[in-house]
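Scroll down for the structure; my scribbles are underneath it.
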Amino acid sequence: MTARAATSALFLGLAACATQTPAPSAALPPPAFEDTPVYSSLVSAAHPLAADAGKDMLAAGGSAADAALATMLALTVVEPQSSGIGGGGFLLYHDAESGKLYTIDGRETAPKAATPTMFLKSDGTPMSFREAVPGGKSVGVPGNIRLMAMAHARFGRLPWAKLFEPAIRLARDGFEMSPRLHDMLAARPQQAGMTEWAKATFFHADDTPRLPGETIRNPMLARFLEKLAEEGPDAFYRGAEAARLVNTVASAPKNPQAMTVGDVASYKAVWRDPVCGTYRTWRVCGMAPPSSGGTTVLAILKQLERFDLKALGPASPESWHLIAESMRLAYADREAYLGDPDFVSVPTAGLIDPTYLSGRSALIDPAKAAAKVEAGTPPGAGAVARVPDGEVPSTSHFSAADRQGDVASYTSTIEGVWGSGLTVNGFFLNNELTDFSMLPQVDGKPAPNRVQPGKRPRSSMSPTIVYDASGKPVLAIGAAGGSTIIAQVAKALVGVLDWEMDVGDAIALPQIYAPGDRVAIEAGSRLEDMTAALTAKGHTPTAATLPLKANGIERKARGWIGGADPRSEGAVAGL
Ligand code: GLU
C-alpha cells in the first residue's frame, strides 16, 4: 500500500478510527481505488441502469453528449423521484474538437402569469413548502428536452432516436424496483401517489409501495418517449402533448396554476459562458447563474488557496475548520447576490474576482471560527436583500467521457423528491418554482431570487469540470442534495486536488456543510470524532443526516476512472 493509499484508507474509515493506533496494514480491507477499473470511455450515474444506458451509447460510437443525454432519459424511468424530462438541468460540455467548454442552461422557467407574490398567503406571510410544493403552483416549464436538443445538435454523433432506445426499453419491459426507490415511495406516499397513474404504477392495490425487486413497467412513458424519438423536441413543447402538460398543471387538484401552451412553446435553453477560475495549478469551471453552483464552489476553493491543505490532510480538524469557514463566507455571498442574470443584476465576475476573494479569505482565522459571517461587497454588486430559500433534496448528477476526448458534466432535477407530485405521460413534473424566494423583498429591498414571469429560479446545482495545467480536462463531477450540492462538490474537489484521492474516495469522504452560522457534520462519519476539536475552534457542530449523492469521473495517466457515492445506488459503467 502506498503512503497515499494508507492516508485515504485511514480517513475513509477503512481502518480503525483515525484517532486510535492504526491496525497493521495486513488487517485492512484493500482500499477501494486499488481495484478501480480504468476505462477509455465511461459514465458515472446515480443508478446502474442509467449508467448502462450511457455506456450503450458509447459502445455504439456515441459522444459523451450522447451518453449523458441517454442517461438523463433513462433516469426519468429508473429514478423518477429525482430527475427527468419533467424537470430541468445544466450541462457543462468540453468539446475536444474545438478545445472549448460550453454550458447549456436548461433550467425551468416561471410562466407569464407568475408574480413575485404568488407564494404569499392572503395575510402576507409566505406559504410553507408543504403548502407550496404539491400541485400546479410550483411547476416550472421543463427544460431538459430543449437542453437535450441543443446539445445533441451540436455535440451528438448518434441519431436523435437512438438516444431514446435504452429508456424506452426500460419503460416498456420494466426494471427492478430498487431499495432506494421503495424507500422514497414509503417516505412520501402522498406526493408519490398523487395521481391515479402513479398509484397504479408504484403502489399495490392496498396503497402500500411496491417492494424492492418487483418489476416496474411504464408503458405510458415508453409510448411518449417513442413519440419524442420519432417527432423530435417539438412533440414535447408544442401541440397535443404540450396542451396535456398545461392542462395537468392548470387543473391540478391542489394549487392550480395558469400555465399556458404559449409558456411551454416559448421555452428556450440557453448557451451561457462557463464560470471559471484557478485553484492552485488547476482551472475549475462551473455553471453560471441562475445556478449559484459555479461562483460558490469557486469561492470556497479560492478562499482556501492560501492554506496548505495538502500538508494538513483530511485527518486534521484544522482542515475541516478552514473548509467550514470558507463555506460560510461563500454561502453568505450566494444568499445575497444570486438570481437569474436575465432578470436581476448578478455580480458574477465580482463574486469570483481573485482580489475580492483574497479579501474574503483574510476573514478566515485558522485558530477560531468567526462569530458571525456576512455577505461581502464584490465588485459590481448592487444593493440586495438577503432572503433565505429552502430546498428539498433530490436531483441526479452524471458525468461521461468518450474516446475522442469530449467530457460531459450534467446535473438534472425535478427539484424535490417526486417533484410537484403531478404526472403526465408517465413522468413527474417538477416543483422548481419553489426554488424562488417566497418573499419578494426584505426590508424594502427586492430579493434577487424573487419570482418574475419567464424567470429561472436560482439553483445550487454544480456540474463542474476541472482542467490541469496543460489544459486537459481531468475531472467532471457534481452532486444532488439541494444546497448541500455546493458543499459536496467543494469537498470532493479538495479531496482530489489537495489530498490526491481518487474521485470515488473523495466523494466518500465525510461531509461538512456550513451554509451560514451553523455547521453540520455528517452523522455517523469520522467527522463526529472531531466534534471536540471543532468545538474548541468555536463551532457548534451538529451531527446531521445529509442528503448526499455525488458522481464523478477522473482522468488518470492510464485512462478514466469513475466514482459513485457509496451512500447511494450510483454506479460507473465504461468501456
Ligand atoms: N432544485 C435544486 C436546485 O436546482 C436541487 C434540488 C436538490 O438537489 O435537492 O438547486
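Everything numeric here is computed off the predicted structure, so don't read it as measured data. Note that ligands are numbered from 1 as they come in the structure, with each ligand's atoms numbered from 1 the same way.
Annotation for ligand 1: atoms under 4.0 Å from non-hydrogen atoms of I485 are 8 (O). Of all atoms in ligand 1, numbered sequentially from 1 with element shown, those under 4.0 Å from a heavy atom of T395 are 5 (C), 6 (C), 7 (C), 8 (O), 9 (O). Close approach of ligand 1 to E415 is summarised as follows: ligand atoms under 4.0 Å from at least one heavy atom of the residue are 1 (N), 2 (C), 5 (C), 6 (C), 7 (C), 9 (O). Every atom of ligand 1 is numbered from 1 in the order shown, and the set under 4.0 Å from a heavy atom of D435 is 1 (N), 2 (C), 3 (C), 4 (O), 10 (O).
Salt-bridge formation is detected for the pair R107/D435: a Lys NZ or Arg NE/NH1/NH2 atom is positioned less than 4.0 Å from an Asp or Glu carboxylate oxygen. A salt bridge does not link D340 to K455: none of the charged nitrogens lies less than 4.0 Å from a carboxylate oxygen.
The side-chain tip of R146 points at the ring of Y237 from less than 6.0 angstrom away and within 45° of straight on.
Only side-chain heavy atoms of R107 come within less than 4.0 Å of ligand 1; its backbone N, CA, C and O stay farther off.
Ligand 1 has no nitrogen or oxygen under 3.5 angstrom from a nitrogen or oxygen of A480.
Within the 6.0 Å centre-distance limit, the rings of Y467 and H94 are counted as a close aromatic pair.
Using a 4.0 Å heavy-atom cutoff, R458 is absent from the residues neighbouring ligand 1.
Taken from CD in E176 to NE2 in H182, the straight-line distance is 13.5 Å, to the nearest 0.5 Å.
When each of I414, T423, L245 is paired with L429, the side-chain contact (heavy atoms from CB on, under 4.5 Å) condition holds for L245 and for no other.
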